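Remarks on the structure that follows.
Predicted, not measured: the structure shown is a model, and the values here were computed from it.
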Amino acid sequence: MRKRVWQDWRRIGQWIVGLSGLGALFSYATVDNPGWDELVNGGVDTALVVGLAGVYTFFVANGSGRAFFRRFTFSTTVVWHACAYLLLFMVGRMMGYGVTGRPLHEFFEGNFLASVLFAFVICLVINFLLQVNRLVGHNVLVHFVTGTYHTPHEEERIFLFLDLVNSTAIAEQLENKQFHILLNQFFYDLTEAVLETEGTIYKYVGDEIIVSWPWAVGKREGNCVRCVLLMMARLAERAGWYEEKFGLVPQFRAGVHGGTVIAGEIGDVKQEIAYLGDVLNTTARIMGYCKEAGVSWLVSEEVRALVAGEVEMVWEDKGVFRPRGKVQEVGVWALRAKGEG
């Protein structure tokens, strides 16, 4: 969590630096007889507005407030966030007037109402796009707009396949609605680990979640294996809540593997960015082999070799197995944090 907080503050700083210059230039270009004061005023106003909006985005909307906003529908969330950003826009501008010594009453003069309406529309559009991006997946909308995957190409990626243990039995034990609530909460609790380790949720398949990292990102600080450890820690932390609400504590099996895949847009009426290749099939087989190996999660030899120097872990060689329908055998390893039994 600490790493993600630092990353979020760094992103806010980057937003402030990048957009303050644009705000200064906009202020300079939209007034008569512009001078140094317009550059300073525009830069200060933008820095304060962007700073407030950044804190709200990372630490409220996508941070401590995520559980709160989950109760709202898509349209309600869009309007809520738009109003919040509008309020922050006005507060930031007022703070800017105070910092630069401009009379505050000037803020409410001229075309004040028109400016507020325009700002609200902009906030509404931006938040609509942000919520769409949340629905289709992290940065997927950006990739569609920029055409990153319009032409299929090869990528080196690491995948984590994870599924809920005994999901059929749990579904029989609980009513359908209760099982859906449990599964939704289960995925929600695992998501923080994905964000902390810079992963992307590729898709949900029934009771299964698939997470992906570009090769270098998954390697960095052992992100792809740290993710599983953080997930286990989160479920242990929430065990009492699950036991009280559902009478059980969910557990998972997971497999981690990586290699070359083909990435590209697929579909017509419903499009998505798909990864295709033997790597995904093998990762699914590694996850399935956990039960036979008697462990919660396994890592392929390729991933172990990649991240062994990045994290201090205890590695246990589980030998090789031959995935169903394949000729080539796969070496797999179980691992745990040092100090664990």
Side-chain angles (χ1 to χ4, degrees), residues 4 137-138 157-171 179-215 217-219 222-239 242 246 248-259 261 272 274-275 277-304 306-307 311 313 315-316 318 321 323-324 330 332-337 340:
R4 186 186 169 205
H138 181 63
R157 299 192 74 88
I158 299 171
F159 290 90
L160 161 66
F161 278 55
L162 179 151
D163 74 347
L164 177 66
V165 173
N166 295 326
S167 60
T168 302
I170 294 174
F179 179 68
H180 184 280
I181 293 173
L182 180 142
L183 193 61
N184 191 33
Q185 186 63 50
F186 176 69
F187 288 151
Y188 176 81
D189 284 334
L190 300 184
T191 298
E192 186 62 39
V194 178
L195 297 175
E196 174 72 12
T197 56
E198 306 175 78
T200 299
I201 296 176
Y202 172 41
K203 62 174 61 179
Y204 300 104
V205 184
D207 64 344
E208 183 177 307
I209 182 173
I210 304 175
V211 182
S212 179
W213 295 263
W215 195 259
V217 177
K219 174 185 177 181
N223 275 330
C224 61
V225 296
R226 282 198 313 111
C227 182
V228 183
L229 294 175
L230 291 173
M231 287 175 169
M232 295 175 73
R234 178 58 174 167
L235 288 181
E237 177 186 326
R238 297 273 290 164
Y242 279 104
F246 302 105
L248 57 91
V249 179
Q251 303 296 326
F252 62 76
R253 280 189 290 264
V256 185
H257 181 47
V261 296
E272 64 178 52
Y275 299 110
D278 184 66
V279 169
L280 286 92
N281 188 45
T282 300
T283 310
R285 296 289 185 264
I286 292 173
M287 179 186 69
Y289 185 65
C290 289
K291 185 175 182 179
E292 184 177 338
V295 296
S296 297
W297 62 301
L298 289 168
V299 172
S300 70
E301 170 59 28
E302 288 82 356
V303 171
R304 187 205 69 83
L306 181 71
V307 304
V311 289
M313 306 286 292
W315 298 85
E316 181 182 353
K318 289 295 182 178
F321 84 105
R324 187 174 68 252
V330 179
V332 290
W333 295 74
L335 64 164
R336 66 178 187 273
E340 291 184 0

What are the two closest non-hydrogen atoms of M232 and F252, and how far apart are they? CG-CZ, 3.4 Å
F186 vs I209 side-chain heavy atoms within contact, under 4.5 Å: no
Give, for atom CD of E196 and atom CE of M231, the distance between the pair rounded to the nearest 0.5 Å. 12.0 Å
If we ignore angles and hydrogens, is there a donor and acceptor under 3.5 Å between the side chains of T197 and R226? no
When the ring planes of Y289 and F321 are compared, do they come out parallel, tilted or perpendicular, using 30° and 60° as the limits? parallel
Run the side chain to side chain contact (heavy atoms under 4.5 Å, CB included) test on V225 and W297 for me, step by step, so that the C-alpha distance in whole Å, both residues' side-chain angles and the decisive distance to 0.1 Å come before the verdict. CA-CA 10 Å; V225 296; W297 62 301; 4.1 Å; yes
Which atom of C227 lies closest to which atom of W213, heavy atoms considered: CB-CZ2, 3.7 Å
First locate atom NZ of K291, then atom OG of S296, and finally report the distance between them rounded to the nearest 0.5 Å. 13.0 Å
Which heavy-atom pair separates C290 from A254 by the least distance, and what is that distance? SG-O, 3.2 Å
Start with the C-alpha distance between Y204 and L183, add both sets of side-chain angles, then the distance that settles side chain to side chain contact (heavy atoms under 4.5 Å, CB included), and finish with yes or no. CA-CA 11 Å; Y204 300 104; L183 193 61; over 6 Å; no
Parallel, tilted or perpendicular, as decided by the 30° and 60° cut-offs, for the rings of W333 and W315: perpendicular
Rounded to the nearest 0.5 angstrom, the CG-CG distance for L190 and L235 is 5.5 Å
Might you point out which heavy atoms bring V249 and A239 nearest each other, and give the distance in Å? CG2-O, 3.5 Å
Listed partners of R238 passing salt bridge (charged side-chain N to carboxylate O under 4.0 Å, His left out), at least two apart: D189
All heavy atoms of G259 vs all of W215, minimum pair found to be N-CZ3, 3.3 Å
Apply side chain to side chain contact (heavy atoms under 4.5 Å, CB included) to M287 and D163, showing your working. CA-CA 8 Å; M287 179 186 69; D163 74 347; 3.9 Å; yes
L335 versus V228: any side-chain heavy-atom pair under 4.5 Å? no
Is there a side chain to side chain contact (heavy atoms under 4.5 Å, CB included) between V261 and F159? Walk through the geometry before answering. CA-CA 10 Å; V261 296; F159 290 90; 3.8 Å; yes
Roughly how far, to the nearest 0.5 Å, is the CG atom of L160 from the OG atom of S212? 9.5 Å
Are there over 12 heavy-atom neighbours, none belonging to K318, within less than 6.0 Å of that residue's NZ? yes
Under the side chain to side chain contact (heavy atoms under 4.5 Å, CB included) test, residues paired with T282 that sit two or more places apart: H257, D278, I286, K326, V330
Between CG on residue L162 and CG on residue D207, distance to nearest 0.5 Å: 9.5 Å
Gap separating the CG atom of L164 from the CZ atom of F187, nearest 0.5 angstrom: 7.5 Å
Nearest heavy-atom pair of V303 and G258: which atoms, and what distance? CG2-N, 3.7 Å
Within a reach of under 6.0 Å around CG of N166, are more than 12 heavy atoms found that belong to other residues, nucleotides or ligands? no
